[in-house]
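Here's the structure we're looking at; comments come further down.
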2 protein chains.
Amino acid sequence: MSNEELLRHHGLRTTALRLDLLRLLQASDRALTHQEFEGGLKVEADRVSIFRSLNAFVEAGVAHRVLDGRGTSCFARCGTDCGHGHHNDTHAHFRCNTCGHVYCMDPIELPGVALPRGFKLAKSYLELDGTCKGCR
Amino acid sequence: MSNEELLRHHGLRTTALRLDLLRLLQASDRALTHQEFEGGLKVEADRVSIFRSLNAFVEAGVAHRVLDGRGTSCFARCGTDCGHGHHNDTHAHFRCNTCGHVYCMDPIELPGVALPRGFKLAKSYLELDGTCKGCR
DNA sequence: AAATTAAACGCAACTGTGTTGCATTTCAAA
DNA sequence: TTTGAAATGCAACACAGTTGCGTTTAATTT
Ligand SMILES: [Mn+2]
Ligand SMILES: [Mn+2]
Ligand SMILES: [Zn+2]
Ligand SMILES: [Zn+2]
């Protein structure tokens, strides 16, 4: 599916900015920060528009947001089974302590956890850190 | 061990601010944000000093930092086996989707994860969300 | 008890991420 | 081609967190 089709399939208009952002997402093997998007774009775009497009991606199920461990957001392409307000990205994320890059791992089963009385679990997230392949 | 002793045991000077922060940490069953510390203090303190004290706590192994899922930091007391630059808080954290509060869970074994070639694991973190005991 | 010194503090300024309001432009459908 | 809603640009803002620097204070030494 082309990126134009992808956007329309998720109910988003195809604009130059969004196609450019998708291009960067596709070309990367890891999650990208707002800064990295801004620095990699071919088209001119206001930083606010980038934020808004990335938020639209997340809401539409085109991308998912990951925190980089220091509080800033990274974004990575979703799989094929994510849609509007409906994410299915049940994989761990790995953050490199050297370069700070965040990688999506292969899907994995998470262990059941015993919660204290009164707590109701919705989702579990496994975060990993260490050294990435480029930094050793 | 008193809070005075605790601070000295970790190589930190005992000041009115730090004792007040420790009091708030002790009294809470969950991790607290900078804002909550600032709002709960009995002594007057600059926000910068609060940040610096909390950072000192983390470095000394008195408290550990947890991200609240929206990028801001929360802090909770460490167990007895944390020291200077040496943390041992291997428990999951639960964030309530309603009130945003973050709770430390009981220690748990995490599953081994198969990483891609070249990745070297240092630590794993399990993050949970859902509804907390006060919010259902 | 007084002097000493490094640590802690207060204040001001700054950085970076992310958001909101509003006017203008542009996409997509009629 | 017209049209209306969605997307964008710009300015302003909110908030967490940091840095530099001069002053105060805690702990140690005399
Ligand atoms: Mn991912
Ligand atoms: Mn904890
Ligand atoms: Zn790396
Ligand atoms: Zn709650």
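In this text the structure is predicted, and so the values were computed from the model without any measurement. Throughout, protein chains are lettered first and strands after them, A, B, ... in sequence-line order, and every chain is numbered starting at 1.
- Here the C1' atom of nucleotide C/dT25 and the CD atom of A/E44 are 16 Å apart, to the nearest Å.
- Both A/I50 and A/L12 sit in one connected hydrophobic cluster of ILVMFWY residues. Membership requires side-chain heavy atoms under 4.5 Å apart, directly or through other members.
- Summarising the geometry, atom CG belonging to A/L19 is positioned 10.5 Å from atom CD belonging to A/Q26; distances are rounded to the nearest 0.5 Å.
- Against DNA chain D, the stretch residues 1-15 of chain A makes heavy-atom approaches under 4.0 Å through A/R13, A/T15.
- Across all strands, A/E38 comes closer than 4.0 Å to no nucleic acid atom at all (heavy-atom distances).
- Distance alone, capped at 3.5 Å, is enough to place a donor-acceptor pair between the B/R18 side chain and the B/R13 backbone.
- Within a 6.0 Å sphere centred on CD of B/Q35, heavy atoms belonging to other residues, nucleotides or ligands number 12 at most.
- By the criterion of side-chain heavy atoms lying less than 4.5 angstrom apart, applied directly or through intervening Ile, Leu, Val, Met, Phe, Trp or Tyr residues, A/L7 is grouped together with A/V58 in one hydrophobic cluster.
- Taking atom CG of residue B/L22 and atom P of nucleotide C/dA8, one finds them 13 Å apart after rounding to whole Å.
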B/S/- along nucleotides 12-18 of chain C (protein heavy atoms under 4.0 Å) is B----BB
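- Axis orientation changes by 30° from one end of the helix from C/dA1-D/dT30 to C/dA30-D/dT1 to the other, with each end axis drawn from 5 pairs and the value rounded to 10°.
- Between B/F57 atom CZ and C/dA8 atom C1' there is a gap of 12 Å when expressed in whole angstrom units.
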Please tabulate, for the side chains in residues 61-71 of chain B, all donor-acceptor contacts under 3.5 angstrom to protein atoms that are two or more places apart in sequence or on a different chain.
residue	atom	partner	partner atom	Å
B/H64	ND1	B/A76	O	3.3
B/H64	NE2	B/H91	NE2	3.3
B/H64	NE2	B/H93	NE2	3.4
B/R65	NH1	B/S73	OG	3.1
B/R65	NH2	B/N55	OD1	2.7
B/D68	OD1	B/R70	N	2.8
B/D68	OD1	B/G71	N	3.2
B/D68	OD1	B/T72	N	3.2
B/D68	OD1	B/T72	OG1	3.3
B/D68	OD2	B/T72	OG1	2.8

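- A distance-only check finds a donor-acceptor pair linking the side chain of B/D20 to the backbone of B/K42 [under 3.5 Å].
- At the heavy-atom level, B/A45 lies under 4.0 Å from the strands shown only through sugar-phosphate atoms.
- Close approach of DNA chain D to chain A, defined as any atom under 4.0 Å from a non-hydrogen atom of the protein, starts and stops at D/dG4 to D/dA11.
- For B/S49, no side-chain nitrogen or oxygen approaches OP1 or OP2 of C/dA8 to under 4.0 Å.
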For a quick test of your reading: what N or O donor-acceptor pairs under 3.5 Å do the side chains of residues 105-119 of chain A make, sequence neighbours left out?
none

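- When the shell of 6.0 Å around CD of B/E59 is examined, it contains 12 or fewer heavy atoms from other residues, nucleotides or ligands.
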Applying side-chain contact (heavy atoms from CB on, under 4.5 Å), run through B/F37 and B/L25 and close with a yes or a no.
-> CA-CA 9 Å; B/F37 283 112; B/L25 274 179; 3.6 Å; yes
